[in-house]
Asks: 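Attaching a single structure in structure tokens format; questions to follow.
Letters A, B, ... are given to chains in the order of the sequence lines, protein chains preceding strands, and every chain is numbered from 1. Note that these values count all heavy atoms, side chains included, but never hydrogens, waters or copies made by symmetry. Only a predicted model underlies this, so the values are computations on that prediction, with no experimental measurement involved.
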Protein chains: 4
Amino acid sequence: MMLDSAVRVFSRRGFHAASMDEIAEQAGISKPMVYAYLGTKEELFVACLQREGTRLMEAIAAEVVGADTADRQLWRGLRAFFTFVGAHRDGWAVLYRQARAQQPFASASAEMRERMVEVVAMMLGRALAAEGREVRDTELQVMANALVGASESLADWLADHPEADPEKTATWMMNVAWLGAAQLLRGETWTP
Amino acid sequence: MMLDSAVRVFSRRGFHAASMDEIAEQAGISKPMVYAYLGTKEELFVACLQREGTRLMEAIAAEVVGADTADRQLWRGLRAFFTFVGAHRDGWAVLYRQARAQQPFASASAEMRERMVEVVAMMLGRALAAEGREVRDTELQVMANALVGASESLADWLADHPEADPEKTATWMMNVAWLGAAQLLRGETWTP
Amino acid sequence: MMLDSAVRVFSRRGFHAASMDEIAEQAGISKPMVYAYLGTKEELFVACLQREGTRLMEAIAAEVVGADTADRQLWRGLRAFFTFVGAHRDGWAVLYRQARAQQPFASASAEMRERMVEVVAMMLGRALAAEGREVRDTELQVMANALVGASESLADWLADHPEADPEKTATWMMNVAWLGAAQLLRGETWTP
Amino acid sequence: MMLDSAVRVFSRRGFHAASMDEIAEQAGISKPMVYAYLGTKEELFVACLQREGTRLMEAIAAEVVGADTADRQLWRGLRAFFTFVGAHRDGWAVLYRQARAQQPFASASAEMRERMVEVVAMMLGRALAAEGREVRDTELQVMANALVGASESLADWLADHPEADPEKTATWMMNVAWLGAAQLLRGETWTP
DNA sequence: AATGAATGAGGTTTCATTCAT
DNA sequence: TATGAATGAAACCTCATTCAT
């Protein structure tokens, strides 16, 4: 399928170095077709990004749904995330990294990220509410942001280490996120 | 100065969209001079990256030095980091993001990041040793990676929110990193 | 045709001064087409050289074939050569001259010339053998080299003198080559 | 000296690839000096050409002067020529080759060559007159042209074969020129 | 799930050449 | 046998993008 070829080429070469010629060739069709169906190179990239992004979101949502407590929600979300990234090693992570850096996609990817952060923030918010506590929204945002950033970072690490295990990575991430450095240093651990 | 102009243009446009013409013009000199002094476009970008990277490292190192306990080291490092990023809003964060995505610089920036992660890992390792505990090296790496990732993420956030306060951001980050979500949810906080 | 334009422009301006822009314009197409079909500027020049060289070689070979004695072979070869050069006045001679001087083509053109010299040397060798005589190979080579050089020289002269007659030039060359100055001075002549 | 450096660089790199920077560096002075004393790159090349050309001419003239008969004049001229070329292996031949091919020097080098051809033609003319014979001027020109061309060719050959002996080369050339192929094939030789 | 052929526009890079000292 | 620093101009090459079929 066309988008698959595009994702592959964009990942391998990077947005700029990727040529429409190569993408068309990979897809086994002619360039004008690519333009007819997906439009401009930029639009094509955005299309790739959105498809992959949606898939990721859905994968996570599907997993999180069944959990009740905050920590189990977080855990399942993380596991789904890393599993997805691990399964699309040179798809998602690379594409996403590009999108965040390349000027014309900054907004598109920022928006996606925003959605993600929002979800995490909401999750944390609900957990707080359940404890009868409340936190200013900004703090929640920042906390969520940090969690997302840490996850992205480990996702990159995962994409670069083919031998690494997604589930184990998720566990580590969960520990860092849930317990924090202090507890970890004290020997506490969180296990599913 | 020439590097300043280059940093500015690279940040605004992105590596590829940045033209040597614009950089030269910004610097108030002619293109051949840029080539004479900094070499190729790629070399120029690397030069920018290195200068900013070095400055950042130095800023952090200078602050960390005076701290004794692990948490204070972490705190001071974070504060220095966010202060620096806040002061160079469209310098470091953007450049660094680019470097990580753009093919030819992937390795160079990966190396820099590796150094950073290494430092954090070492810090955590020493803290562990002080507690008489020991952890497998990979786990340390992953933990450090997560912390660095979270910080990068907040750095981006900071770069995108001109009104945000670096020191406060650092505090939040410290809380997330040190206490973890669980403690935070319980209402605990870490304060300098 | 594209190669024709290229030959024309290369001849007029010289390899370096010739611009791909001008070649494309002469051919009535756009620059990218030139690159698409013939490749790099260097490759384009080589293509010109080879086409013209092959044509020349074929023209000579076709004529020489029918001759039996050494002098008639030489005569026919020379006639074919000068006729060809006369008919492509600003093609072959100029291109060839360039190739010999321009660094990147030195070896390619040297090779072509070597083939030519080899042919002449072989012809002389056979003539000698027919007379029951034998000569060291180096001497044969040098002699052939001299003949080829003399021919090249007259070819240049012919290219520069539009009014000159190729066949008459061939006759002169034949006389010089076959009889040598001594005989010519004595009033002897060789006629077809 | 400046011209020496220029000759060396032009020979090694070719006119175009030679950079004024390298020439100045070789000469151990600064570029503006080169411009101050020798002018433009083209003028510099012409200056090289003329100096070397003059030296060659003088070397030949000095030798020819003492000879009486035509064949001895020719012989001495040839010997002087090849000796000179042999002694300046990568000076004269390469420079001259370039000059003949590179557009802006075509006329300058043609003129030099014309002088040479003229001298040879005159020599042949005198020899003919001494024999009481007379030939149309054009024929004389063409004959001289052929001789000069053959010599140039062997000069190139000599420049490319460091082990070759100039005097022996001159002898071969003399034989070809004086006796012609027919006599050589019959086993006749000319010896000084 | 058409395409081959064509192009406009732009970018990096390199030098010959010249001021200002 | 002055020079360091600067530049204008131009050349090669590539690619996203579109007609004409």
Asks: Could you give the CZ-to-C1' distance, from D:F10 to E:dC15, as a whole number of Å?
Replies: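 From D:F10 CZ to E:dC15 C1': 13 Å.
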
Asks: Measuring from the side chain of C:T40 (C-beta onward, heavy atoms only), which nucleotide among E:dT12, F:dC13, E:dA16 has the closest atom?
Replies: F:dC13

Asks: So, is C:S30 near the phosphate of E:dG8, with a side-chain N or O under 4.0 Å from OP1 or OP2?
Replies: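 Result: no.
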
Asks: Within a 6.0 Å radius of atom CD on A:E111, are there more than 12 heavy atoms belonging to other residues, nucleotides or ligands?
Replies: no

Asks: Nearest-nucleotide wise, let me know which of B:S19 and C:G28 is further upstream toward the 5' end of DNA chain E.
Replies: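 The residue closer to the strand's 5' end, by nearest nucleotide, is C:G28.
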
Asks: Can you name the one residue among C:V9, C:L3, C:L49, C:V7 that meets side-chain contact (heavy atoms from CB on, under 4.5 Å) with C:L44?
Replies: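 Filter result, single survivor: C:L3.
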
Asks: Provide, to the nearest angstrom, the distance between the CE atom belonging to C:M33 and the P atom belonging to F:dT18.
Replies: 16 Å

Asks: Can you check the A:D21 CG to E:dT3 P distance for me, whole Å?
Replies: 13 Å

Asks: Determine yes or no for a side-chain-to-main-chain donor-acceptor pair under 3.5 angstrom, with B:E43 supplying the side chain and B:T40 the backbone.
Replies: yes

Asks: Looking only at atom types and distance, does a side-chain atom of A:K41 sit under 3.5 Å from a main-chain N or O of A:S19, one as donor and one as acceptor?
Replies: no

Asks: Just by distance, do the side chain of A:K31 and the backbone of A:I23 share a donor-acceptor pair under 3.5 Å?
Replies: no

Asks: Nearest to the side chain of D:P32, heavy atoms from C-beta on, is which of E:dT3, F:dC12, F:dT3?
Replies: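 For the D:P32 side chain, the nearest candidate turns out to be F:dT3.
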
Asks: Can a salt bridge be assigned to the pair A:R100 and B:E152 using a cut-off of 4.0 Å between side-chain N and carboxylate O?
Replies: no

Asks: Could you state the atom-to-atom distance from NZ of C:K41 to P of F:dC13 in whole Å?
Replies: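 About 8 Å, once rounded to whole Å.
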
Asks: Can you tell me the distance, in whole Å, between the CD1 atom of B:I29 and the C1' atom of F:dG8?
Replies: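 B:I29 atom CD1 is separated from F:dG8 atom C1' by 15 Å.
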
Asks: Could you check whether C:M20 gets within reach of a base, just the sugar-phosphate, or nothing at all, counting any heavy atom under 4.0 Å?
Replies: sugar-phosphate

Asks: Round to a whole Å and report the spacing from CG of A:D4 to P of E:dA1.
Replies: 13 Å

Asks: By the 4.0 Å heavy-atom rule, please label C:A24 as base, sugar-phosphate, or nothing.
Replies: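 Nothing, no nucleic acid heavy atom in range.
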
Asks: Kindly point out which of F:dC13, F:dT7, F:dC12 is positioned nearest to the side chain of C:K31?
Replies: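 Closest of the options to the side chain of C:K31: F:dC13.
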
Asks: So which one's nearest nucleotide on DNA chain E is more toward 5', B:A17 or A:M1?
Replies: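 That would be A:M1.
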
Asks: Take atom CD of A:E42 and atom C1' of F:dT17, then tell me their distance rounded to the nearest Å.
Replies: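 A:E42 atom CD is separated from F:dT17 atom C1' by 13 Å.
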
Asks: Salt bridge check, D:D156 against C:R113: does any charged N sit closer than 4.0 Å to a carboxylate O?
Replies: no

Asks: Would you please confirm or rule out a distance under 4.0 Å between OP1 or OP2 of E:dA2 and any side-chain N or O of A:Y37?
Replies: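 No, no such contact exists.
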
Asks: Does a side-chain N or O of D:Y35 approach OP1 or OP2 of E:dT17 to a distance below 4.0 Å, or not?
Replies: yes

Asks: Expected output check: what is the dot-bracket annotation of DNA chain F, where ( ) and [ ] are pairs inside the strand (brackets for crossing ones), | is paired with another strand, and pairs are Watson-Crick or G-U under 3.5 Å?
Replies: .||||||||||||||||||||

Asks: Roughly how many Å is it from CD in C:E22 to C1' in F:dC12, rounded to a whole number?
Replies: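 So the two atoms are 15 Å apart, to the nearest Å.
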
Asks: Ion pair present between D:R12 and D:E22, side-chain N to carboxylate O less than 4.0 angstrom?
Replies: no

